[in-house]
Amino acid sequence: SAMNGVLWPQPQKVIRSAEAFTLPRSGFRIEHGPGSAAGANCSVLQNAFRRYYLLILPRRVGVNHVKSSRKSLLRLLVSVKTAKHCAEYPNLGDSEAYHLVVQQENATLTADNVWGALRGLETFSQLVSEANDGSLIVNKTIIDDFPRFSHRGLLLDTSRHFLPLYILFQNLDAMSYNKFNVLHWHIVDDPSFPYQSVMFPELSNKGAYNPATHIYTQMDVAAVNEYARLRGIRVVPEFDTPGHVQSWNKGQPGLLTKCYAGTKPTGSYGPVNPVLNSTYNFMKRFFTEISHVFHDHYIHLGGDEVDFSCWRSNPVIKDFMAKMKFGTVYRKLESFYIKRILDIVTANKKGYLVWQEVFDNNVTLGPDALIHVWKIHQYQSELSNITAAGFSTLVSAHWYINHDDNWKNWTEYYLSDPQNFTGSEAQKKLVVGGEACIWGEYVDATNIMHRLWPRASAVAERLWSDGSVNNTTKAYPRLASHRCRMLMRGIPAQPLFVGFCEQEYT
Ligand SMILES: CC(=O)N[C@H]1NC[C@H](CO)[C@H](O)[C@@H]1O
């Protein structure tokens, strides 16, 4: 059944015994443990206790209260060593370790901090299974768990198609069921600018598909930030420049490069114009706003797929190239631009992620830059080069879920290992994790959920579990059961293959 005790992602260490406890439908409680540093004023835990109580004991009226011979499990006691993060946001590198013991009437969950407690609550909720007499049971279990990688992300693209808030929330729920901990919000791009800026409202007024409906107001962004925080999920916004910026054009005239054919403008616009002071004045004010609206230490600055043809055609830019002695090497102009954006972001005391082209084009990067590898072509040598240069990196190559919607490739995602490249142990340690990406060209609210889930779950286990957990034959039945559980929890995850879920349409 969907409630059948299958754990996904696979914890590091699990000792399970056949003896089982009954979880009484009334009387079971999730509470703060006696020695916990957190108490009733810890928003993250208070919300999580209620959320998981309802996931474990959904209102299923009419289930007969059978007398069972097993002992009852009455309490899950949750203890954290520090309450430091109760009112804060998660950070890259925060511990998510936890220890879960179910072997007497009081189960205990201990963790360094609230994020580990959230991961342990998810695991506990997965341990609960439904006996055929309808009672809920939990086996005697001892679990010691922590993630292999600290950055386990999902990229959502809200520009190619707008995604309504409820879709963002539903994905944050699904992410928490899979222990993902980063929402990479690729919020704007060429086709539309849905982010409603405080400083530059014209950007969405002129750049959104519909400025009245297809926008994210400041309240919406705050709601996403809080919904994510309560699930221990970081929200990393991406404002991709100098390419992928067509939608910025009408809202910020003069920002983009005018393209020319000979001496005449063609009427089309290209990357951000990197030679004007007005560009950097705008970017400074814009990214200062972004630094306050989003709470994560990191901002993703993009830097992918810059087409130089427009820059080559523009007379003012040609003069600048000559003045800077860049010759006709337009990667130098791109690097000049990116470097100044990095300086703006660093001045705001923020860290940054950039797509791999920024590294490939020899931009001078700060020591804590995170380089995001996405091209499948020679991605292993790319990872060797980046880590040999001493930079931290994360991987999305092989994890572009937007590609052909075919059930087979969950195995491809599952078998792709972020540390599968030539390098020293020190280089391997520079891999902070990875992200599954679902780009929006062919994806919107009508198909994102089933296209993403359960295939993204394969990435979730790759990023959380030990690298040795990589047998697709063993994983398939577990993933099929995990998919049924997601279905039970309201995530319309598509089937992997022939089969059924006990509660698929009830
Ligand atoms: C970093 C990156 O992936 N850039 C583009 N590459 C192709 C994708 C679709 O598969 C998207 O169009 C995306 O914007």
Side-chain angles (χ1 to χ4, degrees), residues 151 153-163 171 182-195 207-209 236-249 256 269-272 298-310 331 334-335 337-338 341-342 352-361 363 365 369-380 382-383 385-386 391-406 409-410 412-413 416 418 431-444 447-448 451-452 455-456 459:
H151 183 118
L154 174 65
L155 179 148
L156 296 181
D157 168 2
T158 55
S159 175
R160 277 57 179 262
H161 284 95
F162 180 77
L163 294 175
N171 275 301
V182 181
L183 169 63
H184 174 166
W185 194 353
H186 188 90
I187 187 165
V188 300
D189 202 292
D190 286 326
S192 76
F193 195 107
Y195 171 73
Y209 282 136
V236 175
E238 179 182 351
F239 288 90
D240 192 353
T241 70
H244 287 275
V245 290
Q246 291 305 308
S247 64
W248 303 51
N249 190 29
L256 304 194
Y269 293 82
V272 168
Y298 287 90
I299 298 175
H300 200 304
L301 299 174
D304 59 311
E305 299 182 321
V306 185
D307 172 5
F308 298 147
S309 52
C310 188
R331 293 183 327 165
E334 184 190 12
S335 303
Y337 168 79
I338 291 275
I341 303 302
L342 299 185
Y352 48 81
L353 297 93
V354 287
W355 295 110
Q356 67 184 75
E357 288 96 323
V358 172
F359 171 79
D360 298 342
N361 294 345
V363 179
L365 294 164
L370 274 177
I371 297 160
H372 196 165
V373 174
W374 66 278
K375 295 180 179 175
I376 289 195
H377 177 65
Q378 296 186 337
Y379 84 96
Q380 287 156 310
E382 181 77 10
L383 287 167
N385 297 340
I386 290 168
F391 289 108
S392 293
T393 184
L394 65 152
V395 188
S396 287
H398 282 296
W399 290 343
Y400 271 34
I401 313 268
N402 51 294
H403 285 161
D404 65 310
D405 188 22
N406 160 340
N409 47 25
W410 77 268
E412 176 202 334
Y413 305 152
S416 172
V431 180
V432 295
E435 294 185 0
C437 301
I438 185 156
W439 296 99
E441 283 84 350
Y442 305 97
V443 171
D444 70 4
N447 64 349
I448 186 168
R451 184 167 291 200
L452 199 44
R455 296 190 302 162
V459 178

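Just so you know, ligand 1 is whichever comes first in the structure, and atom 1 is the first atom listed for that ligand.
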Within the 4.0 Å heavy-atom shell around Asp304, which atoms of ligand 1 are there?
1 (C), 2 (C), 4 (N), 5 (C)
Those atoms of ligand 1 less than 4.0 Å from some heavy atom in His244:
14 (O)
Salt bridge flag under 4.0 Å for residues Arg331 and Glu357
no
Please report the shortest heavy-atom distance between Glu334 and Pro242, naming the atom on each side.
CG-CG, 4.4 Å
Heavy-atom distances under 4.0 Å decide this one: backbone, side chain, both or neither, for Arg160 against ligand 1?
side chain
Run the numbers for me: atoms of ligand 1, each under 4.0 Å from some heavy atom of Asn402, listed by number.
9 (C), 10 (O)
Would His186 count as a contact of ligand 1 if the rule is a heavy atom under 4.0 Å away?
no
Applying side-chain contact (heavy atoms from CB on, under 4.5 Å), name anything that partners Asn385, two or more places apart in sequence or on another chain.
Phe359
Would you give the length of the straight line joining atom NE2 of His184 to atom CG of Leu394, rounded to the nearest 0.5 angstrom?
9.0 Å
Is it true that the side chains of Trp355 and Glu238 contain a donor and an acceptor less than 3.5 Å apart?
yes
Which segment of Asp157 sits under 4.0 Å of ligand 1 when only heavy atoms are counted:
neither
Glu305 heavy atoms within 4.0 Å reach ligand 1 at atoms 4 (N), 5 (C), 6 (N)
At what distance, to the nearest 0.5 angstrom, does CG of Asn361 lie from CD1 of Ile338?
8.5 Å
Ligand 1 to Glu441 polar contact by distance, N or O atoms, under 3.5 Å:
yes
Does one side chain, of His372 or Thr393, offer a donor that lies under 3.5 Å from an acceptor on the other?
no
At what distance is the nearest protein heavy atom to atom 3 (O) of ligand 1, and which residue and atom is it?
Tyr400 OH, 2.7 Å
